[in-house]
Amino acid sequence: MSIYDTLNSQQQEAVFRTEGPVLILAGAGSGKTRVLTHRIAYLIEEKGVNPWNIMAITFTNKAAEEMRDRVDKLVGFGAESVWVSTFHSSCVRILRRYIDRLGYSNNFTIYDTDDQKTLMKDICKRLNIDTKVYKERAIMSAVSSAKDELISPEAYELSTMGDFGKKKIALAYKEYQKQLKKNNALDFDDLIVKTVELFQACPDVLESYQERFRYLMVDEYQDTNTAQFKFVSLLASKYQNLCVVGDDDQSIYKFRGANIGNILGYEKVFPNAKVIKLEQNYRSTQNILNSANEVIRNNLGRKSKTLWTDNEEGALLHFRQFMNGFEEAEYITGDISQKVREGECSYKDCAILYRTNAQSRLFEEKFLMSNIPYKMVGGVNFYARKEIKDLLAYLKTVDNARDDIAVRRIINVPKRGIGLTTITRVQDYADANGISFYDALRTADEIPSLGRGAAKIRPFVTFIQSLRSKAEYLSVTELLDDIIEETGYVADLKAEDTDEANARIENIDELITKVVTYEEGTDTPSLGEFLEEVALIADIDTVDSNSDRVLMMTLHSAKGLEFPYVYMAGMEDGIFPSYMTIVADDPTEIEEERRLCYVGITRAMKDLTLTCAQQRMIRGETQYNKVSRFIREIPRELVDMGQSFQERKVKDIPLPSGFQQMRQAFKSQAFQPRQFEVKKSEGLSYGVGDTVKHIKFGVGIVENIAEGGKDYEVTVNFDKAGVKKMFASFAKLKKI
DNA sequence: CAAGCCATAAACCTA
DNA sequence: TTATGGCTTG
């Protein structure tokens, strides 16, 4: 009995076919990670391949770690020499070694989205591009897509062909790359692009990596872009042992340049490719799987496959519609805490998935209120917080003073009386003399236009210089402590003594912890390596599967994960699918949303709840959305329609049958007054003279109720807030 | 010349 | 509802 006997025959085929190009079409939950890990084990143990010659590329660091763990368990020795990492960290490792061949220096900095934006803003100013007409964001995304497609600034310029707007972008693109190089910095896209450039410019480097990585495996292949594809195909072009695993139905990163053609056209690029389909699902119940199949069936342009499972039929899916987002959140949190209380599951078995991060706030509030432990993935990235970025900018400045963005970020943090005017003058001087911003600062005394300003700059330069010499012998932890101490960063926050300032201090403490953890866990810790690790960290990477908390995240972040109980919230047209894709001319955009829905449904192992709200506050405005079209695509016999929260609270109203309610939900236009009429008659549980409670204004007495069109207008005299008029359906008054 | 205040615009998903 | 930029004031 070998470890391979536990695989089904398709999985075995995928494992045993080690030579030549292989495309594994792996449906959701079909055990692809298992296949990949077993394949690595097979290569090492049965084929005698040196682990050193194997490379596996995953989507996130978390997935890489997980894969390494599993390979470790499967293979007795040598597993640690297998190169398992993400595209980005693989490329960084290669570039750290060879990027000098492209004229950068090897200690380059990595710019995150914020840094990119700062730089782009700068460039627009410099090139006199009116950011009212051409938004930095739009320019950036144009540049980014160009890079994803491996279009150089020069090639982009040629393609503009008299298009005035594109010409501006071409100009900005060119200047942007020039500045990056001057700052000795790369953005995320560059990490891939420059590696490809390196391979193309230096055949000897390419050759050495081709020899090293004789067996290549790429996970989540459907989300690779053109540049990434070029990267792997260059590496694989010598030995052709490229095994890619993906699912075209789970391609959800088109907006980021993912080229679904990479998977649909794989056989064209590698004509002798062996295609293997994994269609047996080991994760979900039949009901969940059938729903997913029915939804995704509505997409054209996909490789046909139908997932099936031996698992039991399982519970029906649940669908619940609520009056508003508050009730939706209340229901989901209540449902989770009930399940936990009754011992059905623990918190970590549950996940709430939503389309946009903004939807998380209501859940967060409810979780806090009901004392439920939770962890939110995404939102404002820890490393994007101001205080963290400030401190990191100090570290970056010490590490690479050519990084103008970092230097300019901290030159006046804390306040040193160096303002925009001074900075501009220094920048002009630097540009005129072809030196970096920091070098200009060092010679501030020689800049005539500065005048008195030069005196303010001097202490800053001295400070940085002393940090740099200390960096020679101090650990990263000590260096960071020194920076915090000398700048008085934490001391200033303490003096502020607001909740916000305290939260910032906590974040800084966390950063210190992270530095300490890093230094303890590495044999040869270095400042540069720490900064690099920080730059490439994704939110999902920090999720600890051991702690017992409810997870909440966007549908995108949920890819690759699974949970026994899944709640998909905000299932409304306009939210999911998003408004943008509904009004778009391009029908494939809806298809991408549908794939996202498919990803969401297939995260669930046992139980899936779909919820939506009739009205929802979006950026301070109330919107009325109809039930998501994706709900309609799920056969109703697979769904339990339940009773809405509203109706459960008002017991004396006879409940409509689930079927009727569903029909109504499906029929409902964006907003039907008739529906409101129903709510109106059943809604008010209070009358004139009753004491009521309002969520914000507190306790008050109802003075008047007036019929106003589709709603009641209630006048309440609040103890604290005074007399207020409000609409009954919005105010959510409770009789006490 | 810098710092604070007010008006205004903009909002998806991300390594 | 929040972030950004312009404007005013010290």
Side-chain angles (χ1 to χ4, degrees), chain A residues 57-64 85-92 110-114 116-118 121 125 131-132 135-138 140-141 144-145 147-148 186-192 220 223-225 227-228 251-258 325 353-362 377-381 383-384 386 412 414-425 450-453 456 532-541 553-559 570 574-582 584 589 592-593 595-597 599-600 616-623:
Chain A
I57 299 179
T58 59
F59 198 71
T60 62
N61 294 306
K62 185 180 155 73
S85 68
T86 63
F87 272 105
H88 295 273
S89 33
S90 303
C91 288
V92 171
I110 301 167
Y111 276 2
D112 65 18
T113 320
D114 265 11
Q116 288 179 49
K117 205 170 158 198
T118 312
K121 218 182 260 173
K125 209 176 283 170
T131 50
K132 288 257 160 52
K135 305 240 161 60
E136 304 108 1
R137 215 182 131 88
M140 273 166 56
S141 76
S144 174
S145 346
K147 289 186 182 182
D148 290 341
L186 301 187
D187 66 18
F188 285 125
D189 301 315
D190 275 346
L191 295 177
I192 317 289
E220 307 284 7
D223 287 320
T224 53
N225 61 34
Q228 289 163 333
S251 161
I252 53 174
Y253 283 105
K254 205 175 109 204
F255 71 91
R256 203 171 77 185
L353 309 181
Y354 37 75
R355 181 69 229 286
T356 66
N357 276 312
Q359 288 166 257
S360 64
R361 229 194 68 232
L362 291 175
V377 179
V380 182
N381 186 327
Y383 292 101
K386 184 185 177 302
N412 202 27
K415 303 261 179 285
R416 298 187 176 92
I418 304 170
L420 201 63
T421 334
T422 314
I423 292 174
T424 316
R425 285 179 184 161
L450 279 185
R452 283 180 300 134
K456 292 179 175 156
E532 172 181 320
E533 212 162 274
V534 160
L536 295 178
I537 218 143
D539 272 308
I540 197 78
D541 296 337
M553 66 186 97
T554 63
L555 287 151
H556 281 90
S557 319
K559 193 180 65 162
I575 305 276
F576 185 35
S578 77
Y579 178 74
M580 299 282 279
T581 59
I582 293 175
E589 295 209 9
E592 174 133 331
E593 295 281 297
R595 289 194 291 270
L596 192 55
C597 182
V599 168
R616 190 181 288 278
M617 282 273 266
I618 306 281
R619 52 172 201 259
E621 253 174 87
T622 307
Q623 271 186 12

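No experiment lies behind these values; they were computed from the predicted model shown. Reckoned from all heavy atoms, side chains included, excluding hydrogens, waters and symmetry mates. Order of the sequence lines fixes the chain letters, A, B, ..., with proteins taken first and strands second; residue numbering starts at 1 for each chain.
Met140(A) pairs by the side-chain contact (heavy atoms from CB on, under 4.5 Å) definition with Thr113(A), Gln116(A), Lys117(A), Met120(A), not counting sequence neighbours. Residues meeting the side-chain hydrogen bond (donor to acceptor under 3.5 Å, both in side chains) test with Tyr111(A), sequence neighbours left out: Asn183(A), Asp403(A). Under the salt bridge (charged side-chain N to carboxylate O under 4.0 Å, His left out) criterion, Glu592(A) pairs with Arg595(A), sequence neighbours left out. For Glu532(A), the salt bridge (charged side-chain N to carboxylate O under 4.0 Å, His left out) test picks out Arg96(A), with sequence neighbours left out.
Remark: the separation of the P atoms in dC13(B) and dT4(C) is 15 Å, to the nearest Å.
Nucleic acid contact class of Thr422(A) (heavy atoms, under 4.0 Å, all strands): sugar-phosphate only. Residue contacts for Ser89(A): at a heavy-atom cut-off of 4.0 Å it reaches no nucleic acid atom on any strand shown. Residue-level contact check: Lys62(A) touches neither bases nor backbone, having no heavy atom under 4.0 Å from any strand. Contact annotation for Asn357(A): backbone-only contact, meaning every heavy-atom pair under 4.0 Å involves sugar-phosphate atoms and none involves a base. Heavy atoms of Ile618(A) sit nowhere under 4.0 angstrom from any nucleic acid atom. Nucleic acid contact for Arg425(A): sugar-phosphate only, since backbone atoms but no base atoms lie under 4.0 Å from a heavy atom of the residue.
Classified by interplanar angle (parallel below 30°, tilted 30° to 60°, perpendicular above 60°), the ring pair Phe59(A)/Tyr253(A) is tilted.
If you walk DNA chain B from 5' to 3' and mark each nucleotide with an atom closer than 4.0 Å to a heavy atom of chain A, the marks span dC1(B) to dA15(B).
The distance from the SG atom of Cys597(A) to the CZ atom of Arg355(A) is 11.0 Å, given to the nearest 0.5 Å.
Between Lys147(A) and Asp190(A), at least one side-chain N (NZ, or NE/NH1/NH2) sits under 4.0 Å from a carboxylate O, which counts as a salt bridge.
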Next item on the list: Do nucleotides 2-10 of chain C as a string where each nucleotide becomes B, S or -: B if the base has a protein heavy atom under 4.0 Å, S if just the sugar-phosphate does, - if no protein is that close.
Entry: ---S-----
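When side chains are defined from C-beta on, Val599(A) counts as touching Ile252(A), because their heavy atoms get closer than 4.5 Å.
When each of Ser578(A) and Asn412(A) is assigned the nucleotide of DNA chain B bearing its nearest heavy atom, the one mapping closer to the 5' terminus is Asn412(A). Mapping Ser557(A) and Lys415(A) onto DNA chain B by nearest heavy atom places Lys415(A) closer to the 5' end of the strand.
Between the side chain of Ser578(A) and the backbone N or O of Gly574(A), no donor-acceptor pair lies under 3.5 Å.
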